[in-house]
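Bear in mind that the values here come from a model prediction, so they are computed numbers and not experimental data. Lettering follows sequence order; numbering is per chain, from 1.
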Protein chains: 2
Amino acid sequence: MASSTVENYLKATLLHEQKADGIVPMGALVEALGVVPGTVTSMVKAMAAQGLLEHEARQGVRLTPIGRALAVGVLRKHRLVETFLVRTLKMDWSEVHDEAEALEHAVSDRVLERISELLGHPTTDPHGDPIPDAEGNFAATKTQDSLDLCALDQPLRVTRILDQTQEFLAYVQETGLKPGAKIRVLRREPASGVLHCELAGGTEVALGLHIAGKIIVGAA
Amino acid sequence: MASSTVENYLKATLLHEQKADGIVPMGALVEALGVVPGTVTSMVKAMAAQGLLEHEARQGVRLTPIGRALAVGVLRKHRLVETFLVRTLKMDWSEVHDEAEALEHAVSDRVLERISELLGHPTTDPHGDPIPDAEGNFAATKTQDSLDLCALDQPLRVTRILDQTQEFLAYVQETGLKPGAKIRVLRREPASGVLHCELAGGTEVALGLHIAGKIIVGAA
DNA sequence: ACCTTGTTTTTGATTACTCAAAATACAAGT
DNA sequence: ACTTGTATTTTGAGTAATCAAAAACAAGGT
């Protein structure tokens, strides 16, 4: 059995591989796990010895098939638990991330499948992140763009929030830019770096282009 | 924050104090936690230094008020989680004990109160064990007897199963003597040590008197 | 080629929990 | 009081995960 710590290293590696493919530098794990570099080196060595990671000296790591399968399982637990906390326990979608962080290591496969069933086997979590199925496959994702690249004046729907920090989720919550919201991009001002968009109710929101990149939208 | 290990020591101590009051011998913890005696001695020392237990040398331990409060909290989590697994996730009541054992250390107070609310603040778990409220108080328990001491020929209802081992729960499940079942004790045979009782459907069950002591009943 | 800067690795310690096995204390029985 | 058996404590050691601080390395820029 993989310890909670090992599961966290696996999950962090998978998330990094998904967003920037190629080898995952040690520093990325230092950042994601909040430990000092030396700790990552020794953990990574141990995990490589267990066949969970390949460690290229002074380069970084990449998941082995076994490591990847475990990591996907952890991600599935995390995202199903988040969905459960919001839908069944009526918790606020911006506060469930940390709770799920703890629960993902304690939920057995048996319990997880009951939860998945209860929720009707959802394919995305409350932040719009895809939930892999029990075999580890991610559903084919529809064409989507980040808010700073999508077409202007089209009816769009927010599908995903890439930044899971407390502050950012609270901001998204407050402005109403959360997954499911219908919006339309009015204009971008490259000079000032500001983007203007219109919410369903007609209210207008201005936000920085670098912030807009963290919000993903699809056709409404 | 108390580690899972510390929580388990606290819970085991509380359970022993509840079933046999007075000081809890080290051996009881050895038994309950499945570790060697030396391990218990050193853990107990550390916990006593933290103010969670009082340790009487060569005698055993007893909970301090702080330790008791924490232990009651763990028990509340365990029993609410069990109830949740049975009622909401439709799991078999005889298999939830071990799942709850893992989850009780990962569920935050915030999540726990949502679960309690979802379930309508239940006061007993699927085995009939009382669930303390959020302040740590146990509901006043109605007069109850174990099956080997109760009156004959009275309509009774099973309210609680004291033995939580897999095999025993499976046996209870199979015979139908689970909490909620209506029964009537026909006769006891001290010589053979056998007790005969009748289930709701009219079926008759024979079981040893030492086994009957693990089943608690109340007025139907 | 050399020096600077940033990343990674090594080394030496620490904390929490555990075991094995030896030492000690206690209670009871003769 | 002495012996015996059981419960408890001590001692020494090991594993997993961590940190601090020093050392090694890689890559560029001059």
Side-chain angles (χ1 to χ4, degrees), chain A residues 1-13 16-17 19-20 22-63 66-67 70-71 74 101-102 104-106, chain B residues 1-13 15-17 19-63 66-67 70-71 74 101-102 104-106:
Chain A
M1 278 296 97
S3 68
S4 303
T5 305
V6 167
E7 288 187 347
N8 283 334
Y9 277 74
L10 290 171
K11 189 180 60 168
T13 308
H16 194 279
E17 281 190 353
K19 107 159 84 74
I23 203 161
V24 179
M26 306 301 268
L29 297 179
V30 168
E31 170 75 21
L33 297 161
V35 293
V36 301
T39 302
V40 169
T41 302
S42 58
M43 272 303 294
V44 155
K45 270 191 181 172
M47 289 171 66
Q50 299 228 158
L52 304 175
L53 299 173
E54 281 177 45
H55 180 204
E56 304 284 340
R58 305 220 161 245
Q59 303 289 300
V61 294
R62 96 182 81 241
L63 290 165
I66 295 173
L70 287 174
V74 176
E101 206 69 29
E104 68 191 3
H105 308 296
Chain B
M1 276 295 99
S3 67
S4 302
T5 307
V6 166
E7 288 188 347
N8 282 333
Y9 276 73
L10 289 171
K11 189 179 61 167
T13 307
L15 287 174
H16 195 278
E17 281 190 352
K19 104 158 87 73
D21 50 26
I23 202 161
V24 179
M26 306 300 267
L29 297 179
V30 168
E31 171 75 21
L33 297 161
V35 292
V36 300
T39 302
V40 170
T41 301
S42 58
M43 273 303 292
V44 155
K45 271 190 179 173
M47 290 171 67
Q50 299 227 164
L52 304 175
L53 299 174
E54 283 176 44
H55 180 206
E56 304 283 338
R58 303 220 163 245
Q59 303 287 300
V61 294
R62 97 183 81 242
L63 291 165
I66 295 172
L70 287 174
V74 177
E101 207 69 31
E104 67 190 5
H105 308 296

OP1 or OP2 of [N] under 4.0 Å from side-chain N/O of [X]:
X       : N      : answer
B:Ser3  : C:dC17 : yes
B:Tyr9  : C:dT18 : yes
B:Thr39 : C:dC19 : yes
A:Lys45 : C:dT10 : yes

query: What is the nucleic acid contact for B:Val36, judged by heavy atoms within less than 4.0 Å: base, sugar-phosphate only, or nothing?
result: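 Touches a base.
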task: Describe the nucleic acid contact of B:Thr5 in one word from base, sugar-phosphate, nothing, applying a heavy-atom distance below 4.0 Å.
output: sugar-phosphate
Which value, rounded to the nearest 0.5 Å, describes the distance between [X] atom [atom1] and [Y] atom [atom2]?
X       : Y       : atom1 : atom2 : value
B:Leu53 : B:Tyr9  : CG    : OH    : 10.5 Å
A:Asn8  : A:Thr13 : CG    : OG1   : 10.5 Å
A:Gln59 : A:Glu54 : CD    : CD    : 13.0 Å
A:His16 : A:Leu29 : NE2   : CG    : 8.0 Å
A:Met26 : A:His55 : CE    : NE2   : 4.0 Å
A:Glu56 : A:Ile23 : CD    : CD1   : 5.0 Å

field: Check: A:His105 and A:Lys11 side chains under 4.5 Å, non-hydrogen atoms
entry: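 They are not in side-chain contact.
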message: Run B:Met47 and B:Leu10 through side chain to side chain contact (heavy atoms under 4.5 Å, CB included) and show every step you take.
response: CA-CA 9 Å; B:Met47 290 171 67; B:Leu10 289 171; 3.6 Å; yes
- line: Smallest heavy-atom separation, B:Gly22 atom then B:Glu17 atom, equals O-CG, 4.2 Å
message: If I take atom CG in residue A:Leu10 and atom P in nucleotide D:dA17, what distance separates them, rounded to the nearest angstrom?
response: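 It is 11 Å, rounded to the nearest whole Å.
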Distance, rounded to the nearest Å, where B:Met43 contributes CE and D:dT9 contributes P: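 Computing the B:Met43:CE to D:dT9:P distance gives 14 Å.
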task: Using a cut-off of strictly less than 4.0 Å between a heavy atom of the residue and any atom of DNA chain C, enumerate the qualifying residues of residues 20-33 of chain B by number.
output: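 By residue number: none to list.
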Strand contacts (DNA chain C) in residues 50-60 of chain B, 4.0 angstrom heavy-atom criterion: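 Going residue by residue through residues 50-60 of chain B, the ones with a heavy atom under 4.0 Å of DNA chain C turn out to be B:Arg58.
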query: For the side chain of B:Pro37, counting heavy atoms from C-beta on, which of D:dA20, C:dT9, D:dT9 is nearest?
result: D:dT9
